[in-house]
Amino acid sequence: MISIAVFCLLTLASVWLFNRNIGRIRKSVLSGREFSPKGNFNEHFSTMLRVALGQGKMVSRPLSAVMHIFVYVGFVLINIEVIEMMVDGFIGLHRTFHFLGSFYDFLIGFFEILALLVFIGVVVFWLRRNLGRIKRFMSNDLNGFPRLDANAILIAEIFMMSALLTMNATDQVLQSRSVTGYHVAGSFPVSKWITFCFSGMSSDSLILLERGAWWFHIMGIFAFLNYLPFSKHLHIILAFPNTFFTSVKPMGQLNNLEAVTDVVKPNFDPSYVPREIDPNATPIAFGARDVFDLNWKQLLDAYTCTECGRCSSSCPANTTGKLLSPRKIMMSTRDRMEDVAKNKAANGGNFVDDGKSLLHDYISAEELWACTTCNACVQECPVNIDPLSIIIEMRRYLVMEKSEAPAALNGMFSNLENNGAPWQFSPSDRLNWVNENQ
Amino acid sequence: MSTSNLKVETMAEFAARGEMPEILFWVGCSGSFDDRAKKITRAIVKILNHVGIKFAVLGTEESCTGDHAKRAGNEFLFQMQAMQNITVLNGYQIKKIVTGCPHCFNTIKHEYPELGGNYEVIHHTELVRQLIAEGKLSVQGGSFQGKKITYHDPCYLGRANNIYEAPREIIAELDADLSEMKRSRAKGLCCGAGGAQMFKEAEKGNKEVNIERAEEALASQPNVIAVACPFCNVMMTDGVKHFNKEQEVKVLDVAELVVQANNL
């Protein structure tokens, strides 16, 4: 009875805490500026099915694609077994669903194979990450917590899968001894190979071990759930909304700034009626200086990033030693959002100026100016994050609000204004090529 | 300078006669002013003249599309340029545009509609492929037959607009040996010029992007590095010079390949 009470309390506490933290992130993301993704429901839904559910963009790197599929499918399907564990926990029985008979045996056997595949997947991931000399995992972007975060999750997964298999192995020995409560149920194609480790132990020790593994696994899941909001692993949830809300548009298309159109277009088209502006509203600056100036999709992108670094490993600037790293753009954005959320929490829900901003304090102008807008980062991201849109917004702020473009670009701008070309050529010479010899 | 054998008419001339061309050729700033890119412009015109397409250029009425300004964050300047061009294009009731540059192509196609400029826009490699498919242009390999050609995907044609096959199909017509670089198509590495980088020094790093890309292109020891963008052309040419390979390896636009192979 006590164990049922403890289990119910822990379940409630972890669900409550998770809900609270997810609510905080939700609020933080929705505080972003307005954004309407292009595309209709069907297009959004099919993007989500293809990219998130179907892992469509993972395939470009086959080894990690296969290992990731193991971990992903294992995670999703083993959680079906967790439903049974929850029911067992609430009513204090053992393997409640065994009445399903041979189908139950099939399921448990299937989950064991998945557990083994997950185990293999995370071990390979851990080895690659730590011994593989892979640049994107050795990068300075990951110094400190991010590196610890990545490894902690992999190690935790190894322990979780070991606990699951230990639970099943001890259960088998107990079942074979017809110990009270351990009725025969399930098939164990994987853990049967490790039962020999436990066959010499007394039934009391086995029960202790079996219960211990059961509690470890279920508590591990609760702990993981509540670790998610603080970890890059949040992608397992946010990948779905983030791919769903991706704009359906060609990658080359940058958004139009309507506020600029309202000023420019009337000069060319007298019939154009600018949007109505509320005279009492605070004027909005062009571009982005801080996270307050980004739209909610850009903020969702930041929380969805799992720091895999495929973006940076394909970035022409990053791979030639420039400071710019698209992954770091996303990580800095999330860091700033977290700092803002802490600031708000400490000041009764209102943000108190901390003298910092995303631009300069988290992301430098040097990083922003190194971008070639080639879209390789956008192409590579397995969960449809768009680091380029943040880079462009911040360039807009630097140029239109601060006039802080590199000197050479200011020269290009004035050529454009004066000659209608980025170089110092006279517009009257535009057709000279017709009469020039090769 | 001698008189040209190219037949080029401006939109103003067409309008004066009350005529409409089949298509407007958007030359772009590089194609108009840059010495290397002007050769690509002439190659495109030779193809258009050869198949007898009735086309016009805007000439002195053309102005920069504003792509570099927009990507450098100067939305004001971009929209000023865009509106100026849209006013001219709409004034002539232009319906169809072919561009010689992927940046102009992308900007007019995707960023002008929201400002009131709606046109059917194609890149010159798409037009050439179409002409071949329709039997209006027959391409022989000529001097490129059996030569090794590698193709560099411009970001604004490839990733930005999913045009990977048109240039490759044209190269295939030349009976050449098309060798792909390690990073190609959607994984193609930028030449380093986009996003207004063309007009500024690169940030501090350990290598120039175009050197990295040229090294990759030269790895398969090609006779020709084919490109489809005037900016990529400049960057790749500089990269090839960096490795002192300009005698053995030519950097040529796909349109130039067609013209040279067929003595147009």
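Lettering of chains follows the sequences in order, A, B, ..., and the numbering in each one begins at 1. Everything quoted here is computed from the prediction, not taken from an experiment.
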Give the C-alpha distance, both sets of side-chain angles, the deciding distance and a yes or no for side-chain contact (heavy atoms from CB on, under 4.5 Å) between E111(B) and L254(A).
CA-CA 7 Å; E111(B) 289 162 1; L254(A) 291 186; 3.5 Å; yes

Among C371(A), P406(A), S428(A), the residue with the most heavy-atom pairs under 4.5 Å to chain B is C371(A)

Please tell me if the side chains of W433(A) and V8(B) come closer than 4.5 Å, counting only heavy atoms from C-beta onward.
yes

Heavy-atom pairs under 4.5 Å with chain B, option from M251(A), E417(A), R395(A) with the top count
R395(A)

With a sphere of 6.0 Å drawn around CZ of R133(A), does it hold more than 12 non-hydrogen atoms of other residues, nucleotides or ligands?
no

Let me know if V378(A) has heavy atoms under 4.5 Å from chain B in its side chain, its backbone, both or neither.
neither

Give a yes or no answer on whether the side chain of K265(A) reaches the backbone of M83(B) with a donor-acceptor pair at less than 3.5 Å.
no

Contact part of S60(A) toward chain B, heavy-atom cut-off under 4.5 Å: side chain, backbone, both or neither?
both

Highest number of heavy-atom pairs under 4.5 Å with chain B: which of T319(A), T373(A), L398(A)?
T373(A)

Among L431(A), L409(A), N415(A), N267(A), which residue forms the greatest number of heavy-atom pairs with chain B at distances under 4.5 Å?
L409(A)

Is a side-chain donor or acceptor of K200(B) paired with a backbone partner of W369(A) at a separation under 3.5 angstrom?
yes

In terms of heavy-atom contacts, Q197(B) and T372(A) come closest through CG-CG2, 3.8 Å

Note, K249(A) side chain near H110(B) side chain (heavy atom, < 4.5 Å)
no

Taking the side chain as C-beta and beyond, is there a heavy-atom pair between F78(B) and L257(A) under 4.5 Å?
no

For Q84(B), which atoms come within 4.5 Å of any heavy atom of chain A: side chain, backbone, both, or neither?
both

Just by distance, do the side chain of E203(B) and the backbone of K322(A) share a donor-acceptor pair under 3.5 Å?
no

Heavy-atom contact with chain A under 4.5 Å, split by part of E75(B):
both

Counting heavy-atom pairs closer than 4.5 Å to chain B, which one of M394(A), E393(A), Q253(A) comes out on top?
Q253(A)

Selection from A82(B), C155(B), S32(B) maximising heavy-atom pairs under 4.5 Å formed with chain A:
S32(B)

Just so I understand: if I count every heavy-atom pair under 4.5 Å between each of N162(B), V57(B), V27(B), N161(B) and chain A, which residue has the most?
V27(B)

Measuring from atom CG of D153(B) to atom SG of C374(A), what distance do you get when rounded to the nearest 0.5 angstrom?
12.0 Å

Taking C-beta and beyond as the side chain, do P427(A) and T60(B) meet within less than 4.5 Å on heavy atoms?
no

Quick check on W423(A) against chain B: is it the side chain, the backbone, both or neither that has a heavy atom closer than 4.5 Å?
side chain

Take a 6.0 Å sphere around CD of E366(A) and say whether it holds more than 12 heavy atoms from other residues, nucleotides or ligands.
yes

If you measure from the Lys or Arg side-chain nitrogens to the Asp or Glu carboxylate oxygens, is any gap between E380(A) and K187(B) under 4.0 Å?
yes

Given a strict heavy-atom distance threshold of 4.5 Å, which part of A405(A) is in contact with chain B: side chain, backbone, both, or neither?
neither

Please check: side-chain N/O of N375(A) versus main-chain N/O of R159(B), any donor-acceptor pairing under 3.5 Å?
no

Does a side-chain heavy-atom distance below 4.5 Å link E208(B) with T320(A)?
no

Any heavy-atom pair between the side chains of R396(A) and K70(B) that's under 4.5 Å?
yes

Please identify, among A72(B), G205(B), A202(B), C190(B), the residue contributing the most non-hydrogen atom pairs under 4.5 Å to chain A.
A72(B)

F286(A) versus chain B, the contacting section by heavy-atom distance below 4.5 Å:
side chain

Heavy-atom distance under 4.5 Å to chain A: side chain of T65(B), backbone, both or neither?
neither

Side chain, backbone, both or neither: which part of F33(B) has a non-hydrogen atom closer than 4.5 Å to chain A?
both

Give, as side chain, backbone, both or neither, the part of N74(B) having an atom under 4.5 angstrom from any heavy atom of chain A.
both

Is the shortest heavy-atom distance from the side chain of R430(A) to the side chain of C29(B) under 4.5 Å?
yes

For F231(B), is it the side chain, the backbone, both or neither that has a heavy atom under 4.5 Å from a heavy atom of chain A?
side chain

Can you tell me how far CG of L416(A) sits from CZ of F199(B), rounded to the nearest 0.5 angstrom?
7.5 Å

Would you mind checking which part of N255(A) comes under 4.5 Å of any heavy atom in chain B, side chain (CB onward), backbone (N, CA, C, O), both or neither?
backbone

With rounding to the nearest 0.5 angstrom, report the CZ to CG distance, F268(A) to L115(B).
10.5 Å

N/O donor-acceptor pair under 3.5 Å between Q79(B) side chain and V264(A) backbone
no

Give the member of L368(A), T261(A), N318(A), I392(A) that has the highest number of heavy-atom pairs under 4.5 Å with chain B.
T261(A)

